[in-house]
Amino acid sequence: MKALRIVPEKCTGCLRCELACSYMQTGAFQPAKSVIRVSPYEGHTSYAPYTCTQCDEGWCMAACPVGAITITAAGAKDVVDDRCVGCKLCTIACPYGTIFYDPDTHKAFKCNLCDGAPACAEACPTAAILYEDVAAADWLADFAVERSARLLAVGGR
Amino acid sequence: MPPRHLIIGAGTAGLNCVRTIREEDGGASEITLVAAERPYSRMVLPYYLDRSIAESHVFTATAATLATWKVKTHIGRKAAGLNPQANALTLDDGTTLEYDDCLIATGSRAVKAPVPGADLPGVHSFWTLEQARAVVAGIAPGSHVVMVGAGFIAFTILNSILSLGARLTLVEIAPRILPRMVDDAGAALVETWLKKHGVKILTGATLVRIEEARGKQRLRFKKGPDLLADLLIMATGIKPNLEWLQGSGIRMNHGILVDDHLRASVPNVYAAGDVAEGKDGVTGLPAVHAIEPTAMEHGRVAGANMAGRDVTYRGSLNMNIVEVCRLDVASFGAWDDPNAETFTGLRPERSAYRKLCWSGDRLTGAIIIGQAGDVWTTNDVGMLKGLVQTAVRLGVWKEYLRRNPFDLKPAFIASRATGQLLPQTILGRPSRAPEIPTTVSP
Amino acid sequence: MTGTALRAPTQARPRTETRAVLGGYAGKLLRVNLTTGKIRAEPWTPEEMRLWVGGVGLGAKILYDEVGPRVHWDHPENRLIMATGPLAGLPVWGTGGLTVVTRGALTDGATSTQANGFFGACLKFSGYDAIIIQGQARRWVYLYINDDVVELRDARHLLGKDTWECQDVLSAEHGLTGHQMSVYSIGPAGENLVRFAAIQGDYGHVASKNGCGAVMGKKRLKAVSIVRGTRALDAADPRGVVQAADDIAHDLKTDPSARSLYEWGTLPAVVNLYKMGVLPIKNYTTNVAPAGVEMADWEAPKLRHGFDHRGHQCSACGMHHCHMQVIPRGKHKGELVDEPEYEGWSGAGWQIGLLDKESIAWLNTRIDRASVDVNEFGWVCGWVMEGMEKGYITKAQLGFELRWGDLEGAARLLDMISHRKGFGNLLAEGVKVAAEKLGGAAQEAAIYTLKGASPRGHDHRGRWEEMLDTCTASTGTLESGVPAHVTEVGLPARINPFSGEEVARQVAGILGRRHFEDSLGICSFTTRTRLENVCRALSAATGWLYTVDECVRFGRRTAAILRAFNLRCGIGPETERPSARYGSAPLDGPAKGQAIMDQWEKMLDSWYAGVGYDRKTGRPTPETLRKLGLDWLRKDLWGKKR
């Protein structure tokens, strides 16, 4: 099964993936509704995108009281809008922080790998997001450790 | 002869148990389900109340689904007595059901504050579908709704009441709202927010009597003026349904004491959900976590073990989340541990609050409050859960979080929590999509 | 916390959210009155959007309508317009764009100056296309925008902080990091009304021209901070926007004229411009590198080499242009800086005789952090260094010795200027005022235009089109800019760079293109593609059929309004000349002996004919106004009779 592989060293923090993702999610450009989120490291000097790993447990899916989260052909856990009531249980069940609640639609939403053609990977101008035949892994930890030494040394911001 | 599983209760714990047994055995065993009501999800009743879903949407396992799953049912029947020596359950109509193993998942019920007048017909609870129907029928635009008890249950229907156009007053005997979900500082922030959104709040208010007043309810207090309610909801707590187990010999404290396989103290009996007192994953001590995620995990672990697997439960994590007027309020683990070292951060102008509770350099509990539209709140809700769940050592990041309690993400990532979480599963295998049990072979 | 909430969120569960009426636009302008504390959102119509587009187009119209001739740059009723445009926030590269329009402090005339980062994107996602700031706060405030919550907040705790510190503090106060909040602020130079103070934002992006930072300082507005908004931006044809964006990106990556910019940002300009005699060295006293300096060491890869550098791009940008870097050695080892642009290498480097790369990188960021325009700093500092070398500025005047290439001295001068200390108080008026005050040989050596505007960081004696453009522009800086694909607007691809008339025809012929780019909320580097592609992106965003003809006409309309504004302010054609040194003939180097002033009058004749302005009065002719759809301006410029 293909998965999103993040190469954090290549990210420049342009947030174009968020625009592409939100367009796929909502039909408009609205990074607040993006399910890939670029976050800063070392204050404001380094960036890396972060999104759902489609983990084996599927904490969100198991937690849903109405069975509104299911597994797609692309192997993604996906929210079925017609079933979701917006109770937010999935958002506290997910220990990665990668399922979201939309206060406008009252639905949960998350990465569904765009049915096998992730928009974020297509939009990234520096190939920091790849869609490949790899197992889910922690792509960011080493980078975050390296890019935090300085921050911690100087005592925060 | 195939094993006979008996599931008592068709709430979240019971149905997850059924589903898991079927995931494991593909239909090889006999399952009998006893349920006082047609199975539905209590979690979704607030959305039935605000009419964003139809009543049909609340039902979880229809008769057809249960038939597909090859489950025999006794719907509308209550368990009346358990005889573990005889491996037999007696129902309220006198029927006796024998089992090879059984799950007690009879859940809990709402209790009203013991004040005169609480049993008047106009005083509602909001717990069961039946009670929800009564409340739905009783709220009209402009009507004045009073909720007694400003805890989690009340908060789950707060948005619904407002969206129906009702005026709302919250009455709480404690000096502040949400006494069992957030700390003082968090409660103050939520209170300010709710008042800004037009909710009236009376804290430290001791209700002494409720009277019928020409179709309305008059609330009389120890101090201060009366309140006149068009509709009164008592959200003053819940209690596990355990009375029917008197004399069964099952060890109970606040709930049925269960081991790390969800087994009760007598053979062939498991317990799950609100009635079970199992391991708290943070403290390691027995605790009743009457919350949906615990019921789900209990049910799944019990089901896997009943189906013959050997699954050890790592313990449940106390957690709650509620959104009121677009403000997210969530807490995890031992957020109220008086002995824990705590860091807090308050950003009143963004209505944001964080509390982090520590044991050494591990997170044991947390509170997070922030605007639901605030993109970064939800990320952090999940990450806080992950940090408490994994109990990863945060090392140097602890000091960083003391100064920057809102900048959780780099700490989460750099502490390698993701790597610890990826192999974690409740059942020791990938979870299946909810549709899977419908493929049980006839 | 003081302030006025624009609109408190009242509805518990709104079912729908407000969307902009026209794709690409947020649909509202935010008007902030610092005197009264009143803040309101003003909708604007699709017709207005097509006419004024955004950025400098919108800003010019507001400036002309609202700032009268007696409202000088430091008058409370001056407007500070921070505008973005219809492409900001969309996935076209470099679309965090900000255009600042105001009556600026150096020329006391119109200003159009750009920066990027995430300002434009954050503003649009908050629901606004532009901010119009007027009045003067009684005490220092900053503007806070978080969707509907727009407030003026106490900024006293931010006073004295440089621009990076200001962003650090505001981010920490709000519990936000990185691009979660865009902050544009002024440092000490803006607070102290230095006439070439800039507005700096998002760690390294600067709207630097014509003292817009002094205008902000005069208003006692320390910063504008915008939380990355949560609103949706629609496009009429979102796929079309993405396709146009991809085509532009392809062009930038493969077009020989844009490709080095894609890979190295503006770094290659150091060597490329040196080869043309356009790199300013030691205040235009030479165009030859000192003995022992290998220009090969100043190629782009060498300028990046050794620094621990990290991409720090603007909204949706795929260029390898902006970077953060850590200084690898020397006194400032370990300090975080913004990688210098070409103009940093020139203004904080070659122009002041400083050729140590780590030192330039450090000084360049200090200049940004103080909110000083790096070009004018270079012209001032280089002028003082030359003056001290030649003896017409003394140690007694300055308070210390300042020699070519003296890093610590330059930093000290920066501090004196930023805080208007001692001789710095005069220098803070800009090199033109300081030189005119000293007169004589000192005045002869200063680089400026008679209008007061700072030339960009080049030696324009080898690049005549920019000297002519700088002198005739109404924006306080380059107005036509570097032509990207001139054949698109019917101009010859190549001309003789030292033929005044050919140069002037080129500058006049391209007029309007830059105004168009600067109205879109996009970077001028990511529009180095065919205009047709940019028009296509705009059309897909808005649903218009926007042609190259319309974009040039729109740009020229904007240029004419800015010119009319300046004429009303009393800034006429007599100011359209370089200073003695600025217009001198180079003494050595590739452009040695090329004397622009010999051809100056002919160049102006040709330029005026090309743009359709009256040579004598400087006014756009009635015929030009008619063609541009500016008949309403005719009365103002020519009186009722014509």
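So you know, we letter chains A, B, ... as the sequences are listed, proteins then strands, and number each from 1.
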Within residues 119-132 of chain A, residues adjacent to chain C where the heavy-atom gap is under 4.5 Å: Pro125(A), Thr126(A)

First locate atom CE of Met319(C), then atom OG1 of Thr12(A), and finally report the distance between them rounded to the nearest 0.5 Å. 11.5 Å

What's the spacing between Tyr47(A) OH and Arg310(C) CZ if we round to 0.5 Å? 11.5 Å

So which atom in Arg16(A) and which in Ala316(C) form the shortest heavy-atom distance, rounded to 0.1 Å? CD-O, 3.3 Å

With only heavy atoms counted, which part of Glu18(A) is less than 4.5 Å from chain C, the side chain, the backbone, both or neither? side chain

Work out which heavy atom in Tyr23(A) is nearest to a heavy atom in Arg239(C); give both atom names and the distance. OH-CG, 3.6 Å

Under the side-chain contact (heavy atoms from CB on, under 4.5 Å) rule, what do Val38(A) and His179(C) come out as? Steps first, then yes or no, please. CA-CA 9 Å; Val38(A) 177; His179(C) 301 320; 5.9 Å; no

Where Phe125(C) and Phe29(A) come nearest, the two heavy atoms and their spacing: CE2-O, 3.3 Å

Heavy-atom closest pair (Thr230(C) atom, Gln30(A) atom, distance to 0.1 Å) is O-NE2, 2.7 Å

Members of residues 59-77 of chain A whose heavy atoms come closer than 4.5 Å to chain C: none

Please round to the nearest 0.5 Å and tell me the distance separating atom OH of Tyr41(A) and atom OG1 of Thr177(C). 9.5 Å

Could you grab the distance from atom OG of Ser46(A) to atom CG of Asp308(C), nearest 0.5 Å is fine? 8.0 Å

Closest heavy-atom contact between Gly229(C) and Ala32(A)? O-CB, 4.3 Å

Ignoring hydrogens and angles, write down the donor-acceptor pairs under 3.5 Å from the side chains of residues 86-95 of chain C, residues two or more places apart or on other chains.
residue	atom	partner	partner atom	Å
Thr95(C)	OG1	Leu90(C)	O	2.7
Thr95(C)	OG1	Val92(C)	O	2.6

Whatever's closer than 4.5 Å to a heavy atom in chain A on His323(C) counts as neither

Solution key, residues 241-252 of chain C side-chain donor-acceptor pairs under 3.5 Å, sequence neighbours excluded:
residue	atom	partner	partner atom	Å
Asp247(C)	OD2	Arg536(C)	NH2	2.3
Asp251(C)	OD1	Arg530(C)	NH1	3.3
Asp251(C)	OD2	Thr529(C)	OG1	2.5
Asp251(C)	OD2	Arg530(C)	NH1	2.9

Check whether more than 12 heavy atoms from other residues, nucleotides or ligands sit under 6.0 Å from atom CZ of Arg304(C), and answer yes or no. yes

Separation between CG of Asp202(C) and NE2 of His44(A), rounded to the nearest 0.5 Å: 10.0 Å

For chain A, which candidate among Ser315(C), Pro238(C), Gly96(C), Cys322(C) shows the most heavy-atom pairs at distances under 4.5 Å? Pro238(C)

Residue, of Gln313(C), Lys124(C), Met324(C), Gln167(C), that accumulates the most heavy atom pairs under 4.5 Å with chain A: Gln313(C)

